[in-house]
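What follows is a short report on a single structure.
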Amino acid sequence: MASDETAKSKDILEDNEDADNHIATVRELWRYIWPEGRLDLRIRVVLAMSFLVMAKVIGIYVPFLFKDAVDILTGDAQANTGMIVAAVPVGLIIGYGTARVLTQAFGEIRDAIFVKVGQNALRNIALNTFRHLHLLSLRFHLERRTGGLSRVIERATRGIDFLLRFMLFNIIPTILEIVMISSIFWINFGFLYALITFVCLSSYIYFTIAVTEWRLKYRREMNKQDTRANGRAIDSLINFETVKYFTSELHEANRYDKSLRQYEKASIQSQLSLTLLNVGQGIIISGGLVAVLLMGANGVVDGRFTIGEFVLINALLIQIYIPLNFLGFVYREIKQALVDMEKMFMLIAKNPEIKDNPDAEDLTVTSGMIEFENVSFHYSEDRPILKNISFKVNGGTTTAVVGSSGAGKSTISRILFRFYDIASGSVKIDGQDIRDVTQFSLRKDIGVVPQDTVLFNDSIKYNICYGKHDATEEEVFEAAKLAKIHDFIMRLPDGYDTEVGERGLKLSGGEKQRVAIARTILKNPAILLLDEATSALDSHTERDIQQSLEKISEQRTAIVIAHRLSTIINVHEILVLDDGEIIERGNHTSLLELGGKYYQMWQKQQQLDEVQQKLEELAKIDENACITET
């Protein structure tokens, strides 16, 4: 199961050679352009398309005004008086200029009307993606690469913006213009002109699509290496300290450069193929233009066409070839935009692993009793983590879970918080199966102090207030005091407004953990999960924090995941976990008397504490000796 999830995540984050379901992608995008219940936006779409058509109709009529003016000035038009000959060209020229202004004006009005539709679609797609990412399972977020994921979303957002502007206002108008101009050639100049024009345009479009499809493999490779390079760069920067610890700057630079070199290679191939595309397009356009103009010139010589009509032929061809000349770029970008959008829509379509039942109700906490009944769990079927364990934590009591690394201690907290669903058995709070209540209400009543505390890149106050966003200053101060961090914060130059840096790296491990404890205190939950909550603290601070945790655990149900056994000697019950099974249970005294696994762990920690104490004493003696010599 986990391997399947990993494979799916990689499919989303990396481009591949599979055929892309572009129709489904456009259909998904259309829901945002033509949203349900938004009549105002639908009216804007209709108006924008109306102005688009008007702009194209006027644009095609412009060459006819120019043709009439040329005919009059060259004497090909019927004119009897000098006044008419003088006045008509002036009027046509003014009309020609007015028509060109109207063409541009209608285009700008179209953009102004549509901008709200486009920006609303972009905002809603980005918001839905952001919300959906928070709905996805912990498994997905543990396997994803942050840099690669952000690149996918960034490219997709840029692709949507491009698609809205160019597909609606370039591809569709160009197709409309091709149909209209081909019809005009047929009506005004005969079938042969229309046929040559149509064959030239069809050849141009076929050549553009064929070469662009061939070129897409280079663009896919560019995107793949861009995603990989960005993921490696972000990963390296996040782990800046680790890079420094192992003097791996050169190694990280080489890994990054490897992706950049592959990107460079694909980029060069893409540019060379673009040159081939542009040259081929130029040959097709020039061939068609020369053929039709030669026929038009022959018609002028034969007296079938006027000079103005010859100019009209040239103007119509140029008018249609200008947007066509842009078609290669537009088609390639639209094709890539569809690929990029599909990746993001795949994210949105990815079903959350953990879902609320349709009839799920809010959790109602009375005493806070927690009960695990015959619970089994695995991340993958070939690696069982918990094996049919059962235990009960009575309301208002504290239970500790201890064991060796990998025994499944932290998994219990993740299951209770419903980051994962169990394979069999049940987990209940006050008799309510946590799978039958809403995730929001479940997590609202559980406070967690994790072993590895990660903070937002914001102020200390913001991070503490994350436990209660509308907390008063007095409540924040009280929580910080209970967590034994208030005095430290007040000594900082900016106090509670001090920025903690990305992931809280400006604070020490102990300071970060105390901030985490403060925000959990502020949340004031009915149930507490303490996962090695004092592991990053010195022994003196640990005792202070332990007293605070014991105080806030009063009248609450608490589960403590512990490594240091000295912090749990006063809890009501201790569960000893080994290889996913509960092998011992009881209070501190009874487990020592039992002389089993817990007793062995206690003896080892006592020996380590004695060694540590002797080292501290020796260090103090050396320090005093140095002072005496001085």
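Just so it is clear, the model here is predicted, and its values are computed rather than measured. All residue numbers in this chain count up from 1 along the given sequence.
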Short side-chain donor-acceptor distance under 3.5 Å, Ser426 and Glu373: yes
Expected output: side-chain Arg585 to main-chain Glu573 donor-acceptor under 3.5 Å: no
Step-by-step side-chain contact (heavy atoms from CB on, under 4.5 Å) determination, Ile574 to Thr399: CA-CA 6 Å; Ile574 300 171; Thr399 294; over 6 Å; no
Gln605 side chain to Leu565 backbone, donor-acceptor under 3.5 Å: yes
Exercise: do Thr438 and Asp362 side chains pair donor with acceptor under 3.5 Å: yes
Donor-acceptor side-chain pairing of Ser590 and Asn587 below 3.5 angstrom: yes
pair Glu584-Leu594: side-chain heavy atoms closer than 4.5 Å: yes
Step-by-step side-chain hydrogen bond (donor to acceptor under 3.5 Å, both in side chains) determination, Asn388 to Ser376: CA-CA 5 Å; Asn388 200 38; Ser376 294; 4.6 Å; no
Over 12 foreign heavy atoms within 6.0 Å of OH, Tyr599: no
Test item: side-chain donor near acceptor, Ser424 and Asn374, under 3.5 Å: no
Ser413 vs Leu416 side-chain heavy atoms within contact, under 4.5 Å: no
Evaluation steps, side-chain contact (heavy atoms from CB on, under 4.5 Å), between Val500 and Asp458: CA-CA 6 Å; Val500 302; Asp458 210 304; 5.9 Å; no
Glu361 CD: over 12 foreign heavy atoms closer than 6.0 Å: no
Donor on one side chain, acceptor on other, Asp497 and Ser459, under 3.5 Å: no
Gap separating the CZ atom of Arg519 from the CD1 atom of Ile460, nearest 0.5 angstrom: 12.5 Å
Pair Tyr462 + Tyr496: ring centers closer than 6.0 Å: no
Any donor-acceptor N or O pair under 3.5 Å, side chains Asp436, Asn357: yes
